[in-house]
Amino acid sequence: MANTKSKHFDYLTEHAVDLERELGLSDLSSDVDYWRRSGMDHPEVALVGCRGVVEKALKVLVGLSPNDHLRLVELIDCAEDDGILDRNMALKCHELRVKGNKGAHDHESVKAIDAQMSLDLLDDFLRWNAERLKLIPEGTTATADDPIFIVMPDAEVASMSKKAKLASSLANDKDIERKAQKVKKQAAAYDESSKESLAEMASLIARAQEIGASVGARQKDDAAKAIDTLLTQCDKNLEMLKVERKPIESKVDEVNAEITEILSEHDFIRRLLKGDKRATDRQFDVMAFPRGSNAVTNILQIAGGAGTGKTLCLLAKIIAEVDGGVQTTLFEDQRKNALFICFNKRLASYVRGILAGYEGDVKGITVTHYDEFINQLVRNRPKRGYEYLEDYARDVRYERSRIIYGFDEFYCSLLETAEKTVASQHPERAGEYYLNSEDEEGFEWLKDELRWIEERFSDDGDAERRYPSAERVGRGTRRRPSADIRRIILEVRTELNRLLDANDRYTIEQATKRLMSSNSLPSYDVIAIDEVQDFSLASIRLLLRFRRSEQSRVYLSGDENQKIYQRDFTWKELDEGLKGHTITLRENKRNSDAIRCFSDRLWGSPSSHEEADHWVYVQAAGDDRVVELLKRLSEPSRNETTALISGRRTWYQRLKDAGVNFKGSGTEDYFAPGLYVITEWMGKGLEFDNVVVDYTKRVSEDEEEEKRLRYVHFTRARKRLYIRYKDAPPELLVKYYSDFLR
């Protein structure tokens, strides 16, 4: 029958699922769309991807399993020998193989013209399969003037239009829908105008192929020059198209970002408050708690894995309690107030950003992180922004001392001095891990152990009586010190505290205990504690003293899989006469399915490589490759957020030298597009479009703690996750992701 003209890959609209099933593929439409969008800028990705599709499909066609190893060149020959491929299709597959190898091993020399040719060949291969399976009529070919490269695939255009309409309705802003329609027309106009250039390119490529096929041995040099001239003209056409496409892509990303913001945090809270059925049943259970005005249970724990919306549910819950909420006292009406407190400074900033976009009355909600809030209550005078705490805790305030946050250099120097003093008193033990600051792992362990002691025991006498025989629940370490060693550790603690006093310094753990004895603490009608798994028992007990009355509501949210600070906490020990209830959220609303499957492997949830590998990359790479990746991901035209998670501060200088703009650990606004460089302990509660994990060393000697921290890192990614290691892969990657290391 005569050939009928069609568009490139148009059959995927109806038959992608059928082709995936018959050829052993997954995410075919989204992959093809991605390669068509990125082929001009990153052609090597398209080349490698097209080759991978052919390899997977041919394994199925010749009857091999996905795990069978046969070189693609042999696979194509086998398919041709068996009569599965005719000679013409076999040659096309070989061409895809050659270009794919070039993209994988020589990507510096790859050009957009290679991506166009590979995508054109892939279209022929998939179309041939669709015809063979009788999904479409035989003899259809794509028109020469139909563009291979696109700004937005048709499905994405339709999705953007639909989301824009919903966002306009919810935000009561018709400009959003108008912007989406405008950019949709611009993308369509670009696709139409690019046809002429692409048709000329197709003609130039055809002529180059004809020259290559017909040239004799004596004419090779002249032919090579002629072919090079034709391909150079193709490159010029592509460069012109890239220049024209750039502003349209930027506008598309800008509109999508505006729509996404409305349909995510801010609108998610509105929908929960309105009872909109787009939220999950478990989230509505949270909003309905407690059921009945006479309920005696006033504490609710919201549990759930990463991305299930715990923080947003917590925020929606206290907004519902405070927004317009007035309680009548004996003498006057008093507006309700609430405290939202978390363990991470960055998460507190993130939550303030969400509240800033909420239109209701949220003035009664204080958002802060624990260390800062507690310090403002005990320091001599609260700093700007915390003046309202001036009249509280006057009976326990420090007159001159300053706080030490975490384990800063000054704290470490004092601890080293304390170790040396005690070691001189026990010379036979001077080289042991708990008395030797040069033992890096031992020193880290001792810092955490001293913090645990400070949190766990009420005073020096309590520590001396109970610590030598105390059970170490939840410690997450292989070290098990004897009673004798523990007594020496108490000596180090005594000496350290003496040095802290002598230098007018105190720790957050000491401040927490000090506040427990105060007779004047602030009070709240509602208290929301996020990241509760990282709070100590003492800190939660203190926060419960901030309740205005026993009827005050307390909401907690947490995920044991994200426990990155080893706190010894069990709910049974929180004996405050409270009656609590737990609701577990199960549906991941943040991560892509692949990132969720990939991350959940750490907790024993099985997933195939195909389920977990879409836009998840695990690779050995040098720093230069990482810089190149970060430069690409942080391009303003992408309008995306990207995080580099690393424990190496040398990245700051590396990125500066490479001219890559980034924001460091002092950043407060994580909503704005760009690159953020954060430490391994700062990501809790945050999310980014792209996450690059610099996995060059373990962060913990304990496997369970290592898993928890890496789980946090992996689940910060919404769209793409990159994990790089150097030389040999870390044990955790070998154990859980061996199929990604081939």
Side-chain angles (χ1 to χ4, degrees), residues 371 374-375 378-380 396-517 536-539 542 565-568 700-702:
D371 287 8
I374 297 307
N375 185 40
V378 297
R379 63 182 287 176
N380 184 37
V396 296
R397 287 190 183 274
Y398 290 97
E399 292 184 9
R400 295 183 305 276
S401 297
R402 291 182 295 144
I403 194 167
I404 288 181
Y405 284 128
F407 302 127
D408 66 10
E409 290 184 12
F410 188 70
Y411 176 93
C412 290
S413 68
L414 294 183
L415 179 54
E416 285 182 24
T417 301
E419 273 188 314
K420 290 175 181 177
T421 299
V422 176
S424 68
Q425 298 165 1
H426 300 274
E428 74 284 0
R429 296 178 180 266
E432 299 291 334
Y433 66 89
Y434 50 91
L435 288 180
N436 181 10
S437 59
E438 293 182 4
D439 181 342
E440 188 175 338
E441 284 190 5
F443 192 69
E444 292 299 316
W445 179 89
L446 180 63
K447 288 191 294 186
D448 194 52
E449 185 75 357
L450 291 173
R451 180 171 61 182
W452 183 84
I453 295 170
E454 208 65 56
E455 291 172 341
R456 184 72 176 178
F457 304 108
S458 58
D459 54 40
D460 292 347
D462 189 29
E464 290 171 6
R465 285 191 305 273
R466 297 171 54 206
Y467 173 60
S469 60
E471 185 180 356
R472 301 299 283 106
V473 178
R475 179 64 179 84
T477 179
R478 292 190 294 270
R479 299 190 190 276
R480 294 288 183 266
S482 65
D484 286 342
I485 292 175
R486 293 189 188 194
R487 291 187 184 94
I488 295 175
I489 290 171
L490 286 176
E491 292 180 32
V492 175
R493 173 180 174 270
T494 299
E495 180 62 19
L496 173 65
N497 287 342
R498 187 190 69 77
L499 291 171
L500 287 168
D501 288 341
N503 287 274
D504 290 328
R505 299 296 179 94
Y506 58 90
T507 66
I508 196 67
E509 292 78 25
Q510 291 171 329
T512 296
K513 287 196 286 191
R514 196 175 179 97
L515 282 169
M516 287 294 288
S517 63
S536 68
L537 190 66
S539 59
L542 174 61
Y565 299 100
Q566 281 300 318
R567 308 297 196 178
D568 184 12
S700 173
E701 64 181 46
D702 180 69

List in chain and number order the residues that pass side-chain hydrogen bond (donor to acceptor under 3.5 Å, both in side chains) with [X], two or more places apart in sequence or in another chain; answer none if no residue qualifies.
| X | result |
| --- | --- |
| Arg505 | none |
| Asp371 | none |
| Lys447 | Glu444 |
| Thr494 | none |

How long is the straight-line distance from [atom2] of [Y] back to [atom1] of [X], given to the nearest 0.5 Å?
| X | Y | atom1 | atom2 | result |
| --- | --- | --- | --- | --- |
| Phe457 | Tyr467 | CZ | OH | 8.0 Å |
| Cys412 | Ile404 | SG | CD1 | 9.0 Å |
| Leu499 | Phe410 | CG | CZ | 8.5 Å |
| Glu454 | Ile508 | CD | CD1 | 12.0 Å |
| Leu490 | Leu496 | CG | CG | 12.0 Å |
| Arg400 | Asn380 | CZ | CG | 10.0 Å |

Inset, instruction - Would you kindly say whether Glu432 and His426 are connected by a side-chain donor-acceptor distance under 3.5 Å? - result: no
Legend entry - Greater than 12 external heavy atoms within 6.0 Å of Glu440's CD: no
Legend entry - Listed partners of Arg429 passing salt bridge (charged side-chain N to carboxylate O under 4.0 Å, His left out), at least two apart: none
Does a side-chain N-to-carboxylate-O contact under 4.0 Å join [X] and [Y]?
| X | Y | value |
| --- | --- | --- |
| Lys513 | Glu455 | no |
| Arg487 | Asp484 | yes |
| Arg493 | Asp460 | yes |

Legend entry - Stepwise side chain to side chain contact (heavy atoms under 4.5 Å, CB included) test for Tyr434 and Ile488: CA-CA 9 Å; Tyr434 50 91; Ile488 295 175; 4.0 Å; yes
Contact summary for [X] and [Y], nearest pair of heavy atoms:
| X | Y | result |
| --- | --- | --- |
| Ala463 | Pro468 | O-CD, 3.7 Å |
| Ala511 | Ile374 | CB-CG2, 3.9 Å |
| Asn436 | Ala430 | CB-O, 3.9 Å |

If you look only at distance, which donor and acceptor atoms sit under 3.5 Å apart when one is on a side chain in residues 414-421 and the other is two or more places apart or in another chain?
unit_1: Thr417; atom_1: OG1; unit_2: Ser413; atom_2: O; d: 3.0
unit_1: Glu419; atom_1: OE1; unit_2: Ser437; atom_2: N; d: 3.3
unit_1: Thr421; atom_1: OG1; unit_2: Thr417; atom_2: O; d: 3.0

Less than 4.5 Å apart, any side-chain heavy atom of [X] and any of [Y]?
| X | Y | answer |
| --- | --- | --- |
| Tyr398 | Ile403 | no |
| Gln510 | Asn497 | yes |
| Arg379 | Arg402 | no |

Legend entry - Steps toward side chain to side chain contact (heavy atoms under 4.5 Å, CB included) verdict (Trp445, Glu449): CA-CA 6 Å; Trp445 179 89; Glu449 185 75 357; 3.7 Å; yes
Legend entry - Val422/Ile489 under side chain to side chain contact (heavy atoms under 4.5 Å, CB included): CA gap, chis, key distance, verdict: CA-CA 9 Å; Val422 176; Ile489 290 171; over 6 Å; no
